There are 2 protein chains.
Amino acid sequence: MSKLLLVDDDIELTNMLTEYLEREGFHVTAVHNGDAAVREALNGDYALVVLDVMMPGMSGIEALSRIRTHSKLPVLMLTARGDDIDRIIGLELGADDYVPKPCMPRELVARIRAILRRTSNDTTTTNHEPLQTGALTLYPEKRQTLWHGQPLELTSTEFNLLEVLARQAGQPVSKADLSTHGLGRPLTRYDRSIDVHMSSIRHKLGNLTDGRSCIQTVRGIGYQLIGE
Amino acid sequence: MSKLLLVDDDIELTNMLTEYLEREGFHVTAVHNGDAAVREALNGDYALVVLDVMMPGMSGIEALSRIRTHSKLPVLMLTARGDDIDRIIGLELGADDYVPKPCMPRELVARIRAILRRTSNDTTTTNHEPLQTGALTLYPEKRQTLWHGQPLELTSTEFNLLEVLARQAGQPVSKADLSTHGLGRPLTRYDRSIDVHMSSIRHKLGNLTDGRSCIQTVRGIGYQLIGE
DNA sequence: AACGCCGTGTAAAGATATGTAAAACACCCT
DNA sequence: AGGGTGTTTTACATATCTTTACACGGCGTT
């Protein structure tokens, strides 16, 4: 289950919330000041941070801002009820939600789950992980491809294009996007480069058991890598 | 810029908010009851719905629930300040956020932008679940069709159109909506493309046991995929 | 019932997009 | 310069979509 980082200077409250959240199945780590919060938050272990706005030393707003300069980790803010200004600043700084204090733990849990649900398959958080779809695995770091477990030779451009498709596996990607991100230039009229590359990637991948290609054409739009 | 659907029975308020939101650069459509809200929300045009909980007729909660059975479109709920129960139910039903009423427009905008920022590169917004109606199953993620358990060859556009119908199976879909979402262009006068495509899809599907087609014509409106 | 109007069904022609082999080009290396 | 590799352009075949044209059928009117 997900690991949460709970940040509040009120030890009493954090103990109570930790207990409640752990009963709900989360792993919880609590810290009590902004410095520790930023340090912990950036170590990559956590799925979400619950952050109190009002703390001695570094305020929650400040901590949020520092976290945001380095990461897109979801942050849920705890604010004094009715403190509109903090809420608005927090949201504009990129907080994912806020809960007014004193809060009902049940509401807090509902909101945590809502955020986790939304961010669970968000591709932006995992950028250098291998991309896996069906029998295809791409290692963006090493620029290496595995097809049915076997290494596959792709040219650099072919890899780029396949990576763009794989990051949005299961949904169509426009030729314009493929061109900007895969070829590094905008698509121009009568440009058939993408089509030609798709043709050769298809050729290298061969067909699926049902005879269809792994890369589907979406006429008038572009191409789509078929999902799991 | 993004299209928003604003749902509230208070005409005065919707006019005010519409004006404010449009100054902020959104396209806004306002409706004033739950039925219209669900119908509009599902037509695929909108990036987000702002939904009042308290409405005569179908309540916001009910509308949210109906929207959620068909789509993952982001929904932001407007609730009476301090009405914890509605907020919690809303969140558990899958609302993306709520704003207490009466609200500061600036806060509403901040929250709308926060949600859009989160969902913009979130693959979960497009529903990837297989679509099942009767003997027909569509796998949007694979762009594959099963008819009576057998794979069926559809062209790209035919698949798009059938997908649009299947997402609203059992209810009529206007030709305008079919054109925007299936063909990617607005319907023009004397445009018969949709009819021709329906004809060939029907041809590929053949007839049901009772001799009727799976796709019913709704004269003057469009077409409808018959439900379970 | 007979008529006309309008929307729909559909075959076939015309227009457009895609698949792909091969030529042309660009770049590196020796 | 010449060869090798990889990319883009060209050219043509094919697939797919749109338009056209006409037939049919519902529906309201006479």
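Just so you know, these numbers come straight off a predicted model, no measurement behind them. To find a chain, count down the sequence lines: A is the first, B the second, and so on, and within it residues start at 1.
- Residues Lys204(B) and Glu153(B) are not paired through a salt bridge, judged by the lack of any N-O separation under 4.0 Å between the basic side chain and the carboxylate.
- With rounding to whole Å, Gln216(A) atom CD is found 11 Å from dT16(D) atom P.
- OP1 or OP2 of dT7(D) sits under 4.0 Å from a side-chain N or O of Thr157(A).
- Between the CG atom in Leu205(A) and the CE atom in Met198(A) there is a gap of 10.5 Å [rounded to 0.5 Å].
- Asp45(A) and Arg39(A) are not joined by a salt bridge, as no carboxylate oxygen comes within less than 4.0 angstrom of a charged side-chain nitrogen.
- Proximity of Ser199(A) to the phosphate of dT20(C): a side-chain N or O atom is located under 4.0 Å from OP1 or OP2.
- Between Ser156(B) and Thr217(A), the shortest heavy-atom contact is OG-O, 3.6 Å.
- For Asp195(A), the side-chain atoms get nearest to dT20(C) when compared with the rest of dT20(C), dG9(C), dT7(D).
- Along DNA chain C, the nucleotide nearest Lys175(B) and the nucleotide nearest His203(B) are compared for position; the residue whose nucleotide lies closer to the 5' end is Lys175(B).
- Comparing atom distances between the Thr217(A) side chain and each of dG19(C), dG6(D), dA22(C) picks out dG19(C) as nearest.
- For Asp195(A), the salt bridge (charged side-chain N to carboxylate O under 4.0 Å, His left out) partners at least two apart in sequence or on another chain are Lys175(A), Arg192(A).
- Distance from the side chain of Leu183(B) is smallest to dT18(D) among dT18(D), dT19(D), dT10(C).
- Atom CG of Asn160(A) is separated from atom P of dT7(D) by 9 Å (rounded to the nearest Å).
- Atom pair Ile194(A):CD1 and dT20(C):C1' shows a separation of 15 Å (rounding to whole Å applied).
- If you measure from atom CZ of Arg202(A) to atom P of dA21(C), you get 13 Å, rounded to the nearest angstrom.
- Summarising the geometry, the separation between CZ on Arg189(A) and P on dA17(C) is reported as 10 Å, rounded to the nearest angstrom.
- Glu158(B) has its CD atom 18 Å from the P atom of dA17(C), to the nearest Å.
- At distances below 3.5 Å, not a single donor-acceptor pair connects side-chain atoms of Ser213(A) with backbone N or O atoms of Gln216(A).
- Going from atom CE of Met198(B) over to atom P of dT8(C) covers 12 Å, rounded to whole Å.
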Practice task
In sequence, state the C-alpha distance, the side-chain angles, and the governing distance for Arg185(A) and Asp191(A), and then conclude on salt bridge (charged side-chain N to carboxylate O under 4.0 Å, His left out).
Solution key: CA-CA 11 Å; Arg185(A) 62 185 160 91; Asp191(A) 191 337; 2.7 Å; yes
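- Not one side-chain nitrogen or oxygen of Tyr223(A) sits closer than 4.0 Å to the OP1 or OP2 atom of dA17(C).
- Proximity of a side-chain donor or acceptor of Arg66(B) to a complementary backbone N or O of Ile61(B) within less than 3.5 Å is not detected.
- Between Asp191(A) atom CG and dT10(D) atom P the separation is 10 Å, expressed in whole Å.
- Residue His197(A) has its side chain nearest to dT8(D) when only dT10(C), dT18(C), dT8(D) are considered.
- Ser193(A) comes within contact range of at least one nucleobase, with a heavy-atom separation under 4.0 Å.
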Practice task
Produce a footprint string for nucleotides 21-26 of chain D: one letter per nucleotide, 5' end first; B if the base is under 4.0 Å from any protein heavy atom, S if only the sugar-phosphate is, - if neither.
Solution key: B---BB
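- Checking the phosphate oxygens (OP1, OP2) of dT7(D), a side-chain nitrogen or oxygen of Thr155(A) falls inside 4.0 Å.
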